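Below is one structure, written out as structure tokens; the observations come after it.
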Amino acid sequence: MSGTQTTTLFERLGGEEGIAAIVQTFYDRVLNDPLLQPFFRHTDMNRQRRHQTQFLIYATGGAPRYTGATMRKAHEGLGIRHQHFDAVVSHLAEALRQHQVKEEVITELAKRLETLRGEVVEEE
Ligand code: HEM
């Protein structure tokens, strides 16, 4: 068995613990990026990490325990452009590489997040 069809993305990311660790690395990177840091100036990052972890668990096939806002509501009025979305996805991909996640898994998650672009990005 190749395994790629039989395990969920959730399992291939290391389950809840794996995802929580990846989210930590991800926001360390985001907060170090001058393009993205200003968006999180007033954000409670502990809450943000918790919600992002729950969201990714749910979005990858784990337990649906996400209690935050919808993606459209959460990002409404923030002025997020395509360049910000691209930068966020690229930091997530790098965080996944830092956690030794396989390229095929990174590609699959990136594809899934791509489906949310229209809910996060606001056109000028
Ligand atoms: C597919 C990509 C993205 C996903 C899955 C995602 C996920 C989330 C989640 C789960 C929340 C928490 C909502 C809540 O607590 O109710 C959130 C809030 C937020 N996201 Fe995103 N996000 C994405 C892209 C982006 C981008 C591109 C930016 C821009 C830099 C961004 C900036 C923010 C900000 C500023 C908040 C609100 C923080 C606050 O409440 O202070 N997100 N996002």
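One-based numbering, in listed order, for ligands and for the atoms of each. Since we're looking at a predicted model, the values are computed, not measured. Residue indices begin at 1 and follow the sequence shown.
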Nearest-neighbour protein heavy atom for [atom], which is reported as residue plus atom name and distance:
| atom | result |
| --- | --- |
| atom 3 (C) of ligand 1 | Val120 CG2, 4.5 Å |
| atom 13 (C) of ligand 1 | Tyr66 OH, 3.4 Å |
| atom 7 (C) of ligand 1 | Gln52 NE2, 3.2 Å |
| atom 28 (C) of ligand 1 | Ile80 CD1, 3.4 Å |
| atom 14 (C) of ligand 1 | His51 ND1, 3.3 Å |
| atom 16 (O) of ligand 1 | Ala69 N, 2.8 Å |
| atom 5 (C) of ligand 1 | Phe55 CE2, 3.5 Å |

Could I get the full list of salt bridge (Lys or Arg N to Asp or Glu O under 4.0 Å) partners for Glu114, not counting sequence neighbours?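 Checked Glu114 against salt bridge (Lys or Arg N to Asp or Glu O under 4.0 Å); matches are Arg117.
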So is Arg47 touching ligand 1 or not, going by heavy atoms under 4.0 Å?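 In this structure, Arg47 qualifies as a contact of ligand 1 - some heavy atom is under 4.0 Å.
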With a 4.0 Å cut-off on heavy atoms, is Arg117 in contact with ligand 1?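 No, that is not the case, since the closest heavy atom of the residue is not under 4.0 Å from the ligand.
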Distance-only N or O hit between ligand 1 and [X], under 3.5 Å:
| X | result |
| --- | --- |
| His75 | yes |
| Phe40 | no |
| His84 | no |
| Asp44 | no |

Nearest atoms (heavy-atom pairs only) where Phe10 meets Ile19: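 Taking Phe10 first and Ile19 second, the nearest heavy atoms are CD1-CD1, 3.7 Å.
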Shortest non-hydrogen contact from Gln37 toward Leu31: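 Reported closest heavy-atom pair: CG-O, 3.4 Å.
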Which one holds for [X] and ligand 1: side chain close, backbone close, both close, or neither close, with close meaning a heavy atom under 4.0 Å?
| X | result |
| --- | --- |
| Leu78 | side chain |
| Met71 | side chain |
| Leu36 | side chain |

When you measure from [atom] to each heavy atom in [options], which option holds the nearest one?
| atom | options | value |
| --- | --- | --- |
| atom 1 (C) of ligand 1 | Phe85, Tyr58, Phe39 | Phe85 |
| atom 41 (O) of ligand 1 | Leu113, Thr43, Val88 | Thr43 |
| atom 17 (C) of ligand 1 | Gln48, Arg49, His42, Arg41 | Gln48 |

By the definition side-chain contact (heavy atoms from CB on, under 4.5 Å), identify the one residue from Leu56, Val101, Ile106 that meets it with Leu13.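 For Leu13, the side-chain contact (heavy atoms from CB on, under 4.5 Å) check succeeds only for Val101.
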Run through Gln52, Arg49, His99 and flag the one making a side-chain contact (heavy atoms from CB on, under 4.5 Å) with Gln24.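 Option passing the side-chain contact (heavy atoms from CB on, under 4.5 Å) with Gln24: Arg49.
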Find out whether [X] and [Y] are in side-chain contact, i.e. whether some heavy atom of one side chain is under 4.5 Å from a heavy atom of the other.
| X | Y | result |
| --- | --- | --- |
| Glu103 | Arg97 | yes |
| Arg29 | Glu94 | yes |
| Tyr27 | Met45 | yes |

Taking atom types as modelled, is there a side-chain donor on Thr8 or Glu11 under 3.5 Å from an acceptor on the other?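 A pair is found: one side chain offers a donor N or O, the other an acceptor, under 3.5 Å apart.
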Under a 4.0 angstrom heavy-atom cut-off, which atoms of ligand 1 come close to Ala74?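 Those qualifying, in numeric order: 13 (C).
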Derivation and outcome, salt bridge (Lys or Arg N to Asp or Glu O under 4.0 Å), residues Arg81 and Glu123: CA-CA 7 Å; Arg81 306 287 179 232; Glu123 305 290 342; over 6 Å; no
Look at Glu76 together with Lys73 and state whether they make a salt bridge at an N to O cut-off of under 4.0 Å.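 Counted as a salt bridge, because a side-chain N and a carboxylate O are separated by less than 4.0 Å.
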To the nearest 0.5 Å, how far apart are CD in Glu16 and OG1 in Thr53?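 Reported value, rounded in 0.5 Å steps: 9.5 Å.
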